[in-house]
Amino acid sequence: MPTAEDDFEQLLTRLREQLTDIALTVPDLDTEGGERVPRFSLGEAAVKPASSDAATIVAASEPMAAWKTPPNMSVDAAPARLEPAQTLPPAQAAASYFQDAPTASVFIATPPPTAPDVTAPWRKFGVRNAILAASLLIALGIAGLGAYRLSQDGEGAIRIPLDQPASAFMLTADLQEFLISEGNELLTVAHSGEIRRRRFVEGAFAALRWSQGAVWTIDGRSAAITERRGEMRPTVYSLNHVPTSLYLNDRFLWTGERSTRTLRQFMVSRSILGAMLQPIDRIDLPANIDLIAFSFESGGDLYVADARQHRLVRFHTTGGAYRALQSAPLSPILGPDDSHHRFFLEKGNIWALTNPTGGVSEIKRIPFSSLNWAPVE
């Protein structure tokens with residue numbers, strides 16, 4: 001019975017016989033005069049011209065008889081002997097390909113030539129002109145503002161045509177217009193002196209103030225303050241005294257009583273039950289003060305227009321009590337008699353309106369800083 005070793009010996013015998021046949025066959029193909037068809041190789045590829053503009057790639061081993069011979073050319077009868085293609089290892093083949101391949105040139109896109117910007121000088125000229133124009137406008141604005149300020153500082157005045165003496169006046173919240181009480185009319189007047197609106201009211205007012213979109217008024221005869229908001233019905237607040245001067249700052253309201261030289265502070269309170277004035281504080285001024293107008297400025301200082309001595313007095317608070325520190329005379333600017341003046345103090349200025357002379361009134365603005373201040377003795 002054959003064993004595994006016998007089978008293995010038979011397999012080796014058959015392999016030796018096949019290797020012998022291969023070794024004998026290959027030399028026969030390489031003998032002189034024999035024909036051998038080499039394996040296809042891209043290295044021996046040729047381009048065969050076609051009837052059209054296209055080209056066909058064929059193997060170099062194609063018989064030469066298949067090529068069309070040009071008319072003026074002769075071809076040897078015996079085809080050229082083709083050498084077998086040599087196969088290189090993959091690494092060497094890749095190296096040989098890159099060495100023999102033509103070096104590709106690097107293409108760098110060149111930007112098109114830049115055309116000269118013929119508008120640049122004009123743009124520069126325009127910008128320069130714009131800057132000069134802006135500077136000129138600013139200079140003119142400053143000059144105009146200076147002229148306006150100068151016209152209000154005692155050397156000039158806003159002239160307003162009034163038929164009757166004005167009992168009170170004020171500046172609006174944006175300081176762009178005046179409200180003037182003239183008889184039974186409330187006038188809206190521009191800084192140019194032009195009367196823009198006339199509104200009929202129930203009577204002349206002793207003081208006017210603007211706060212939170214409403215005009216607050218007192219008539220100087222009744223113990224009440226009236227709030228007028230647009231076209232709504234006026235709201236009347238009853239008091240226990242007759243105010244003659246008025247000042248408001250947001251939700252806080254101050255009244256001045258000339259006969260008692262007393263300032264009273266209230267807070268405006270609003271609820272579903274209505275609006276009311278809640279008393280908060282009280283200031284008693286010295287006996288030598290004849291209170292006609294007042295205001296609280298930055299830092300909490302109190303400024304009071306004194307009709308008796310025709311002056312403006314500055315009070316400063318120390319420990320909750322107000323004490324007079326400085327005073328400045330108004331006579332050098334407004335004249336010795338102030339009985340025909342109405343005053344409005346706001347934003348560091350005292351505005352003075354004169355009663356009409358020949359149908360024309362004047363409003364002058366006097367900054368606190370322009371006054372000749374002196375310590376109060």
Side-chain angles (χ1 to χ4, degrees), residues 167-173 175 178-179 181 204-229 234-270 274-308 311-327 341-353 368:
S167 58
F169 78 107
M170 60 163 284
L171 277 168
T172 57
L175 307 181
F178 296 97
L179 291 182
S181 175
F205 301 128
L208 300 167
R209 281 286 176 175
W210 179 285
S211 179
Q212 298 182 352
V215 178
W216 298 71
T217 65
I218 55 176
D219 58 17
R221 301 179 301 274
S222 59
I225 299 176
T226 303
E227 178 186 9
R228 305 170 187 275
R229 189 176 298 273
T235 302
V236 179
Y237 301 86
S238 298
L239 300 173
N240 60 357
H241 62 282
V242 178
T244 54
S245 54
L246 191 61
Y247 176 80
L248 282 96
N249 182 10
D250 295 331
R251 296 176 58 192
F252 296 99
L253 179 148
W254 292 80
T255 62
E257 187 178 8
R258 186 173 185 176
S259 61
T260 61
R261 302 173 305 279
T262 303
L263 303 180
R264 293 178 175 86
Q265 183 186 24
F266 300 86
M267 183 177 69
V268 182
S269 176
R270 304 180 190 276
M276 61 180 298
L277 299 179
Q278 298 180 358
I280 296 179
D281 199 1
R282 170 176 172 160
I283 300 175
D284 295 319
L285 299 177
N288 62 346
I289 295 291
D290 186 6
L291 173 64
I292 55 174
F294 69 99
S295 71
F296 291 89
E297 299 296 324
S298 59
D301 286 351
L302 168 65
Y303 289 82
V304 175
D306 177 16
R308 179 175 299 175
R311 61 177 180 166
L312 187 66
V313 184
R314 173 178 170 245
F315 292 82
H316 183 72
T317 178
T318 303
Y322 281 87
R323 184 172 63 91
L325 291 182
Q326 295 175 313
S327 67
H341 283 96
R342 301 293 179 264
F343 294 103
F344 178 80
L345 280 64
E346 183 76 9
K347 307 294 184 183
N349 299 287
I350 178 171
W351 300 78
L353 182 147
F368 293 165

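Minimum interatomic distance between Ala168 and Arg342 (heavy atoms only, all atoms of both residues): N-CG, 4.4 Å. Nearest heavy-atom pair across Arg308 and Ala287 is NH1-O, 3.3 Å. Taking every heavy atom of both residues into account, Ile225 and Pro243 meet most closely at CG1-CG, 4.5 Å.
Applying the salt bridge (charged side-chain N to carboxylate O under 4.0 Å, His left out) rule to Glu257 yields the partners Arg264; only residues at least two apart in sequence or on another chain are considered. Judged as a side chain to side chain contact (heavy atoms under 4.5 Å, CB included), and not counting sequence neighbours, the contacts of Arg258 are Thr244, Asp290, Ile292, Ala307. For Ser222, the side-chain hydrogen bond (donor to acceptor under 3.5 Å, both in side chains) partners two or more places apart in sequence, or in a different chain, are Asp219. Under the side-chain hydrogen bond (donor to acceptor under 3.5 Å, both in side chains) criterion, Ser167 pairs with Ser181, not counting sequence neighbours. The salt bridge (charged side-chain N to carboxylate O under 4.0 Å, His left out) test applied to Arg228 returns Glu202, not counting sequence neighbours. When the side-chain hydrogen bond (donor to acceptor under 3.5 Å, both in side chains) test is applied to Thr172, the partners found at least two apart in sequence or on another chain are Asp174. Applying the side chain to side chain contact (heavy atoms under 4.5 Å, CB included) test to Arg251 and every residue at least two apart in sequence or in another chain returns Gln212, Met267.
Two residues are said to be in side-chain contact when any heavy atoms from C-beta on lie closer than 4.5 Å; Glu297 and Phe368 meet this criterion. When side chains are defined from C-beta on, Leu291 counts as touching Leu263, because their heavy atoms get closer than 4.5 Å. Leu312 is listed as a side-chain neighbour of Leu345, based on a closest heavy-atom distance under 4.5 Å.
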Residues Leu285, Val313; criterion side-chain contact (heavy atoms from CB on, under 4.5 Å); working and verdict: CA-CA 11 Å; Leu285 299 177; Val313 184; over 6 Å; no
Verdict with supporting geometry, Phe178 and Trp351, ring-ring contact (aromatic ring centres under 6.0 Å, His included): CA-CA 11 Å; Phe178 296 97; Trp351 300 78; 5.6 Å; yes
Show the numbers, then the answer: is there a side-chain contact (heavy atoms from CB on, under 4.5 Å) between Thr217 and Leu246? CA-CA 8 Å; Thr217 65; Leu246 191 61; over 6 Å; no
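Put simply, CZ on Phe266 and OG1 on Thr255 are 4.5 Å apart, with the number rounded to the nearest 0.5 Å. Atoms CZ and CD1, from Phe344 and Ile350 in turn, are 11.0 Å apart once rounded to the nearest 0.5 Å. Atom-to-atom distance recorded for Ile289:CD1 and Phe315:CZ is 4.5 Å, nearest 0.5 angstrom. With rounding to the nearest 0.5 Å, the separation of CG in Leu248 from CG in Leu208 is 11.5 Å. To the nearest 0.5 angstrom, Thr226 atom OG1 is 10.0 Å from Ile218 atom CD1.
No donor-acceptor pair under 3.5 Å is formed between the side chain of Thr317 and the backbone N or O of Tyr322.
The ring pair (Phe, Tyr, Trp, His ring centres under 6.0 Å) contacts involving residues 237-259 comprise Trp216-Tyr237, Tyr247-Phe296, Trp254-Phe296, where partners must be two or more places apart or lie in separate chains. Legend: salt bridge (Lys or Arg N to Asp or Glu O under 4.0 Å) pairs involving residues 205-214, not counting sequence neighbours, sorted by first then second residue: Arg209-Glu346.
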Could you list the donor-acceptor pairs under 3.5 angstrom formed by side chains in residues 274-282, with sequence neighbours left out?
from: Gln278; atom 1: NE2; to: Ser269; atom 2: OG; distance (Å): 3.4
from: Arg282; atom 1: NE; to: Asp284; atom 2: OD1; distance (Å): 3.0
from: Arg282; atom 1: NH2; to: Asp284; atom 2: OD1; distance (Å): 3.4

